[in-house]
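Reviewing the structure listed below.
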Amino acid sequence: MIDIKLIRETPEKVKAMLEARQQHADLSRVDDLVLLDQKRRALVAKADDLKATRNKVSDDIATIKKQKGNADDKIAEMKVVSDNIAALDAELRTIEAEQENILLRLPNMLHESVPLGKSADDNKVHKEVLSFKREFDFTVKDHTQLGKALGILDFERGAKISGAGFPVYVGKGASLERALINFMLDMHLEKHGYKEIFPPFFVNQESLRGTGQFPKFINQVYKVGYEDEEKYEASGVKLYAIPTAEVPITNLHRDEMLKAADLPIKYAGYSACFRSEAGSYGKDVKGFLRLHQFNKVEMVKFTLPETSYDELELLVQDAEDILQALKIPYRVLLLCSGDIGAGAAKCYDIEVWSPAEQRFLEASSCSNFEDYQSRRAHIRFKRDEKSKPEFVHTLNGSGLATSRLMVALLETYQTKEGKIAVPDVLRPYTRFDMVG
RNA sequence: GGAGAGGUGGCCGAGUGGCUUAAGGCGUCGGUUUGCUAAACCGAUGUAGUAUCGUAAGGUGCUACCGGGGGUUCGAAUCCCCCCUUCUCCGCCA
């Protein structure tokens, strides 16, 4: 959420941001907000004035009653004032709700280093690490062919028991997946200094609002409840399956006051991730490329505002370290203004190379949200006891998503015989060297 | 699923309708005293919104906030209703 003061004082900057993000339809919303803000402030002034009167006269009434006097006319007078206050407060609530509804849907301001661009085609290649790229002297198989032939991935049974987009990992495939997760976590904990979090996989709506999925992107999120609708309504429980561990982990410190000395706080955690992928049919549907459930190790940072961009570079490096240890070719993209996510002020994507697809696949997204999430989630800090509270900056990055990583791994490490050589760094975890 | 007890400022903790601008204590910061430390004493010490003054840092006024929401009342931390949550006990359960 961006600061209403920014919209009030420099609406043209907010409009320029929307233009850069190719969200021309939202331009008029800025003007709506300015008007609503003026209305709101006028109402607050009026209502506060009446409340001041009420407080004062109520004290007078107390004094009169103590002296056994008659305060009936003053009480009658205040009854009218109270009714007026109630009317103004009701009007105020309507306007505030309207304002918040717009504000929560507006994207974040962009960092100056974000390149202008209309679409994903305009993203900038920031870095390419292709030294691990293999030359194959045989026809490469793609990950679905390898997975089926080796009996380590079962798409059909996954579809039977759950539906398309829910693959089953079998035998050494399951072990390999678990090895990847453990390897990545250990690296972040031991080498990169993160603290491990194993979060809940279901969260409430407040958490989704904190990180920005609610209200604008709620259609991508699964909602859970009881099959018995009556029981569901009666329970009052509204839970959502997390689309990423970013949601529970960032919200750990929702409504908290952190100490500057404790910053940066760095968490890494594994979670299954659930995405409805509504409206994305026909795009990247093959095998692991787009799933309803996948596994991911996520990194989350809470930082001082002045260090957040340095921390972003380190975050990307932490994710890259995984790929370098696994010896998988990849590149880093700096996303342009037209492709960057709504909450991010700056974002790098890391893409792994798929020898079968002959293209890069997104395996990680590392973003600095600045105070966009912390303002929504009220995550603040004080520099010292006497300082005014400020919003922390939050960052997060996948480190990494195993689904896309598994595609690159299987395809990169396949042998002529159709087996998979386990990368050296994973062998202590799998306790086998070869799949097949 | 059942029974009970809680949720008050950074922390502990009092507070059953108006002398509560939330007692008292701890902590923190500033000061006095002191060879230094400690102690003692004095003072300060929340968040948010809004108006106004100031180039600004900030000052001043008003309003709201005692788990959340709603209600009663001229007036609510206090009374009523709903919800969330923590703890204890019983039952069930991986």
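Values in this document were obtained by computation on a predicted structure and should not be read as measured data.
The aromatic ring centroids of A:Tyr309 and A:His111 lie less than 6.0 Å from each other. Taking the ring centroids of A:Phe381 and A:His393, they lie at or beyond the 6.0 Å cut-off.
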Collect all protein-nucleotide pairs involving nucleotides 16-18 of chain B in which both atoms are nitrogen or oxygen and the distance is under 3.5 Å.
| unit_1 | atom_1 | unit_2 | atom_2 | d |
| --- | --- | --- | --- | --- |
| B:G18 | N2 | A:Ser58 | O | 2.9 |

Would you tabulate the nitrogen or oxygen pairs shorter than 3.5 Å linking the protein to nucleotides 51-56 of chain B?
| unit_1 | atom_1 | unit_2 | atom_2 | d |
| --- | --- | --- | --- | --- |
| B:A51 | OP1 | A:Arg41 | NH1 | 3.4 |

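With sequence neighbours left out, the ring pair (Phe, Tyr, Trp, His ring centres under 6.0 Å) criterion links A:Tyr413 to no other residue. A:Pro167 is linked by a side-chain contact (heavy atoms from CB on, under 4.5 Å) to A:Phe155, A:Phe288, A:Leu291, counting only residues two or more places apart in sequence or in another chain. Looking at residues two or more places apart in sequence or on another chain, you find no side-chain contact (heavy atoms from CB on, under 4.5 Å) involving A:Ala86.
Side chain to side chain, A:Gln293 and A:Tyr222 fail the donor-acceptor criterion of an N or O pair below 3.5 Å. Side chain to side chain, A:Asn295 and A:Tyr270 meet the donor-acceptor criterion of an N or O pair below 3.5 Å. A donor and an acceptor atom, one from each side chain of A:Lys296 and A:Thr244, are located under 3.5 Å apart. One side chain, A:Asp321 or A:His192, offers a donor N or O that lies under 3.5 Å from an acceptor on the other.
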Indicate every side-chain donor-acceptor pair of residues 91-103 of chain A with a distance under 3.5 Å to a residue at least two apart or in another chain.
| unit_1 | atom_1 | unit_2 | atom_2 | d |
| --- | --- | --- | --- | --- |
| A:Thr94 | OG1 | A:Ala90 | O | 3.1 |
| A:Asn101 | OD1 | A:Arg105 | NE | 3.3 |

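Residue A:Lys51 is classed as a sugar-phosphate contact, given heavy-atom separations below 4.0 Å to backbone atoms only.
A close approach under 4.0 Å does occur between a side-chain nitrogen or oxygen of A:Arg40 and OP1 or OP2 of B:U50.
The separation of B:G9 from B:C87, taken at their C1' atoms, amounts to 23 Å, rounded to a whole angstrom. Distance check on atom C1': B:G7 versus B:G15 gives 15 Å, rounded to whole Å. A gap of 13 Å separates the P atoms of B:G71 and B:C65, to the nearest Å. For the C1' atom pair drawn from B:G10 and B:G46, the interatomic distance equals 9 Å after rounding to whole Å. When the P atom is compared between B:A44 and B:G24, the two are found 12 Å apart, to the nearest whole Å. Comparing the P positions of B:G1 and B:U63 gives an interatomic distance of 45 Å, to the nearest angstrom.
Sorted by first and then second residue, the pairs that involve residues 33-55 of chain A and meet salt bridge (Lys or Arg N to Asp or Glu O under 4.0 Å), not counting sequence neighbours, are A:Arg8-A:Asp37, A:Asp37-A:Arg40, A:Asp37-A:Arg41, A:Lys51-A:Asp89. Counting only residues at least two apart or in different chains, salt bridge (Lys or Arg N to Asp or Glu O under 4.0 Å) contacts with residues 240-255 of chain A are absent. Applying the salt bridge (Lys or Arg N to Asp or Glu O under 4.0 Å) test to every pair with at least one member in residues 143-158 of chain A, sequence neighbours left out, gives these pairs: A:Lys148-A:Glu156, A:Asp154-A:Arg157.
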Wobble G-U and Watson-Crick pairs count when both distances are under 3.5 Å; given that, what is the 5' to 3' dot-bracket string of RNA chain B, with | for pairing to other strands? ((((((((.[[[..)..(.....]]]((((((.......))))))((((((((....)))))))).[[[[[..)....]]]]])))))))....
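For residues 258-266 of chain A, proximity to RNA chain B is found at no residue, defined as any non-hydrogen atom under 4.0 angstrom from a strand atom. Shown for residues 89-96 of chain A: no residue has heavy atoms falling under 4.0 angstrom of RNA chain B.
The nucleotide whose nearest atom lies closest to any side-chain atom of A:Asn55 is, among B:U50, B:U63, B:G46, B:U63.
Figure legend: A:Lys266 and A:Tyr194 shown as a cation-pi pair, the cationic atom lying under 6.0 angstrom from the six-membered ring centre and within 45 degrees of its axis.
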